[in-house]
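Contents: one structure, followed by commentary.
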Amino acid sequence: MRRLTSQKKLENQRPGYAFVAPVVIMMAGLLVYPMLYGLYISFFNTNLVSRWNFVGLKYYIEAFTDPEFYSSVLLTLEFMVLVVAGHFIIGFYLATQLNKAFRGRIGYRIIFMLPWFFPEAVVALLFTWILNPMYGIMNSILNSLGLISTNVSWLGSQELAFPTVVAVCIWKGFPLVMTMILAGLQTIPSELYEAAEIDGVGKFAQLRYITIPSLKPILKTVLILDCVWWFKQYTLVYTMTAGGPGTATSLISLSVYGTAFNDLRFGKGAAWGILVFFICYLINILLKAVIKDDD
Amino acid sequence: MKKALTVFTVVLLSAAFLFAGGKAESDNEQVHIIMMDSYAAEDPHGQYVYEYAEKFMAENPNVTIEIQAVASNDIYTRLAAMATSPDELPTMFFTSADQVPTLYDLGLTEDLNNYMTDEDKALWTDGVIESGTINGDLTYIPVSLQPTDIIYRIDRFEEAGLEIPTTWDEFIECARALTKDTDGDGQIDQWGFGMVGSNDSSGQSRFMSYLWSNGYECAYEEDGEWKTDITASPEFIDVFSKWTSMNAEGLVPIGITEVNYSTAANYFAMGYTSMFLTGPNALGVAYSSNPDLRGKLGSFKIPGSYSGTMLGAEGYAISSYASDAEKQAAYDFIKFFATADSEYKFWQSSGKIPAVKAGQDVDFITGQDYEGFLQQIADGCRPTLTFAGIAGLKGALGDAYSAVFSGEMTNEQAVNALVADLAELMEDYN
C-alpha cells in the first residue's frame, strides 16, 4: 500500500520534473559546467589547446604565498567600499534634495541621471581625455584657478590613479542609487513628517527615525546590487588605466583576465577565478547575515 | 481525398527539398572568407583594405570577403580566446612577427608553404618570407615591414647642432638638448624623446627593442630550453635604470604611463617631441596629421651595439581550421593585396614599407625619412623570436618599467620582480 502511494507520488511529481528540466539543463550547461571546467583547468599549466601540464595545487598555493593575488583582492575590496560609500552619500543627498518641490525639478532629475545613461567605455574615454596631463581640460581649469602650477598626471601616478578612478566610478554609478532612494522617498507617507512636525521633531531626528527606517528595504537591495556590480568592475578601470600605473588600479577582475587572456596562463587565471568565487560567496553570506539580523 | 492531399503534400515537400538541395550545391561554388583585420580599423589607410577587397571580389565573383575591423592589440586576445572553439575562427587574420609564435603554438596558423609557390616567394623581398617561418612552417605572409627605428626632427637637430646618436648615452644627451621651454613661461613644452610608456604591447615591444640593442636576449632557446639574459646583475639594473631615468629626468612628456602608441604618435606629429622610437607607420601618422612635417623628418637606427629590431613584418595568417577552398581564396587575396596595387596606396598612406621586391623602389620610401629603416633592413634585423610565451614576457617587462614610472618600485625592486616573473614564465614554457 505504502509502495503504491510512493509510486503514485512519483508519477504526480513527474510533470513537475519535466517542466523544470529545461531550466536545470540550461543552468547546468551555462553555470555548473563552466565552473567545474574552470576548477579542472586550474590544476593545469595550459593554453587550452596544445599545452596541458598537470601542476596540482601549485596555483592555489602560489596565490596564498604570492602577495600579488591578495593585494589585488584587498585593493578590489577597498575600491568596492569606497565606490559604494560614494554612491550612497551622493545618491542619498541628491535624492533628498530632488524629493523637495522646486521649479525645474524634473530637469535636474534628468541631468543627474545622465552619467548612468552613458556606456562605461564612453565615460572612461571621456575622463581619459578630460584628465590627460598634456591637453586635458582638468589641468587647464586648475591651472587657470591657480590651484596647480604644473600639469598633473591624474591617471599616471601611483598616488592619484586609484582615487581618480574611484571618483570616476562614483560619478558613473551614483544615479542608480539616487533613483532607487528617490523612489523609496516618494513612498513614505507625508503624514508621518506632518505628525513629526506637530510633535516638534527636528529635521535630523526625522531623517533618523522616519526616512532611514522607511528606506531600509530599498537601501539593503541597492547595497547588495551595488557591491556585486562594483566588485566585478572591469570596463571603466581597464579603459582608463588598464590596471596601472604599476599595480595602482589592478583590480582582481583585471588581474584574472590579464593572466588568462593576455599571458595565456589559463590554469593560473582559473585558479584565481575560483578563489574569487569563494570570496564573493563569503561576501554574499556576510551581507545576508547582516540583513537577517536587521530583520 | 485525404490520401490524395497527403501524396500532394509529400510531392510538394520533396520538390522543395530538391530545389533547396540544388541551391546548396550552387552555393558550394561560392567561397565566403572572413578577414579579421587591424589595418581596416585604422586611419587613414584602412580604406584601402576595403578597396582591395572590393577589387578582388570584382575579379573573383565567386569569392565574398567579410572584413571584421579589430584593433591590433585586441586581435591576438580574441584569437586566443577563439582557439578552443575553432569553428568561430575567421578564415584569415592580421598578425605580426611578435604575435605569430603564440598563434602558431595554439595551432591556429595553416602552413602556407602548401599554397605559396617558389615563383610567388620570389616576389617578396629577400628574408621576408623566412621571417614568417617557424619550425619549417610558413605561418603568415607579410605584406608590410615595420622595423623599429628612431624617427626625428631634422630641423631641430640642425638648430641644436646635434649629431645622430649611436649609443644610448648619446641619445639621452640629444634628448636633454631637445627638451625645452619654448615659450618662456617656465614650463617645459617640448620634450626630447617621445617614449611610449603605456603598459601595453606597443610600449612593451619598444622596451624589448631597447634591451635587445643593449645586448640582452629577453628569451632564447638553448639545448631545447628557453632561457633569458635578464638577471638582477648591476649591469642589467644600470641598463634598466637608464630607460626609466629618461622619465625621472623629464626628457619625456609627463604622464608617461598614459602615453600609448597613438598618443605618442600624435605628440610627435604636433611637435611636442623630437625623437620617437617607432616603425615607419608613425611617419604616415605624422604627415597625415601635420603635412608641414614633410621634409623635416629623418630616421636613424636604434642606438646601441646590437640590433634592436626584428624585421617587424606584418601580414596575414590563414586559419588551419578553414576549408581548402577558403584557404585557397584567402591566399589568393593576400597575394592580390601585396602585389596588385602598382601605386602602393595602402603603404604610402600608412607609412609602412611594402614587403614585396617591387615595392622597395617606390618614390615615397626614397627620402631621408625612410633612410634609417632601409639601412636597418640592409644591415640585417634580428631573427623572429619564436618564444610562445612572448605575451607573458612582454607583460612582465611592461609591469617592471610601469612600476618604476609610477613610483611604486625602485629600479632594483622592479628588476628583482621582473627576474622572478621571468623565472616562473620560463618554467611554464619549458
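Note on naming: letters A, B, ... go to the chains in the order of the sequence lines (proteins, then strands), and numbering restarts at 1 for each one.
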Among A:Leu155, A:Thr241, A:Val55, A:Val152, which residue forms the greatest number of heavy-atom pairs with chain B at distances under 4.5 Å?
-> A:Leu155
Could you tell me whether A:Met113 atom CE has more than 12 heavy atoms of other residues or ligands within 6.0 Å of it?
-> yes
To the nearest 0.5 Å, what is the distance between OH (B:Tyr429) and CG (A:Asn47)?
-> 6.5 Å
B:Asp428 CG to A:Asp263 CG distance, which is reported to the nearest 0.5 Å = 9.5 Å
Side chain, backbone, both or neither: which part of A:Thr259 has a non-hydrogen atom closer than 4.5 Å to chain B?
-> neither
Most heavy-atom pairs under 4.5 Å with chain A, out of B:Phe405, B:Tyr76, B:Tyr267, B:Tyr401, belong to B:Tyr267
Flag yes if more than 12 heavy atoms outside A:Leu36 fall under 6.0 Å of its CG atom; otherwise flag no.
-> yes
At a heavy-atom separation under 4.5 Å, does B:Thr257 approach chain A through its side chain, its backbone, both, or neither?
-> side chain
Which atom names give the shortest non-hydrogen contact between A:Met134 and B:Ile254, and what distance separates them?
-> SD-CG1, 4.2 Å
Contact part of B:Tyr272 toward chain A, heavy-atom cut-off under 4.5 Å: side chain, backbone, both or neither?
-> side chain
Quick one: of B:Met409, B:Arg78, B:Glu424, who has the most non-hydrogen atom pairs under 4.5 Å with chain A?
-> B:Glu424
Rounded to the nearest 0.5 Å, what's the gap from CG on A:Asn143 to CD on B:Gln187? Could you check?
-> 6.5 Å
Okay, B:Asn199 and chain A: the region with an atom under 4.5 Å from a heavy atom over there is neither
For the residue pair A:Leu264 and B:Asp105, establish whether any side-chain heavy-atom pair is separated by less than 4.5 Å.
-> no
With a 4.5 angstrom heavy-atom cut-off, could you sort out which part of B:Leu425 is near chain A: side chain, backbone, both or neither?
-> both
What's the spacing between A:Asn151 CG and B:Ile188 CD1 if we round to 0.5 Å?
-> 12.5 Å
With a cut-off of 6.0 Å (strictly less than), are more than 12 heavy atoms of other residues, nucleotides or ligands near CZ of A:Phe54?
-> yes
Less than 4.5 Å apart, any side-chain heavy atom of B:Glu258 and any of A:Trp154?
-> no
To the nearest 0.5 angstrom, please state how far the OH atom of A:Tyr135 sits from the OG1 atom of B:Thr263.
-> 5.0 Å
Taking A:Gly267, A:Ala248, A:Gly246, A:Ala161 one by one, which has the highest count of heavy-atom pairs under 4.5 Å against chain B?
-> A:Gly246
Over 12 foreign heavy atoms within 6.0 Å of CH2, A:Trp229 = no
Work out which heavy atom in B:Gly255 is nearest to a heavy atom in A:Ser153; give both atom names and the distance.
-> CA-OG, 3.1 Å
Chain B contact via A:Ala242 - side chain, backbone, both or neither, heavy atoms under 4.5 Å | neither
Please state whether the side chain, the backbone, both or neither of A:Glu62 comes within less than 4.5 Å of a heavy atom of chain B.
-> side chain
The interface call for A:Asn45 against chain B, heavy-atom contacts under 4.5 Å, is side chain
Side chain / backbone / both / neither for B:Thr102 at chain A, heavy atoms under 4.5 Å | side chain
Do other residues, nucleotides or ligands put more than 12 heavy atoms under 6.0 Å from A:Phe162 CZ?
-> yes
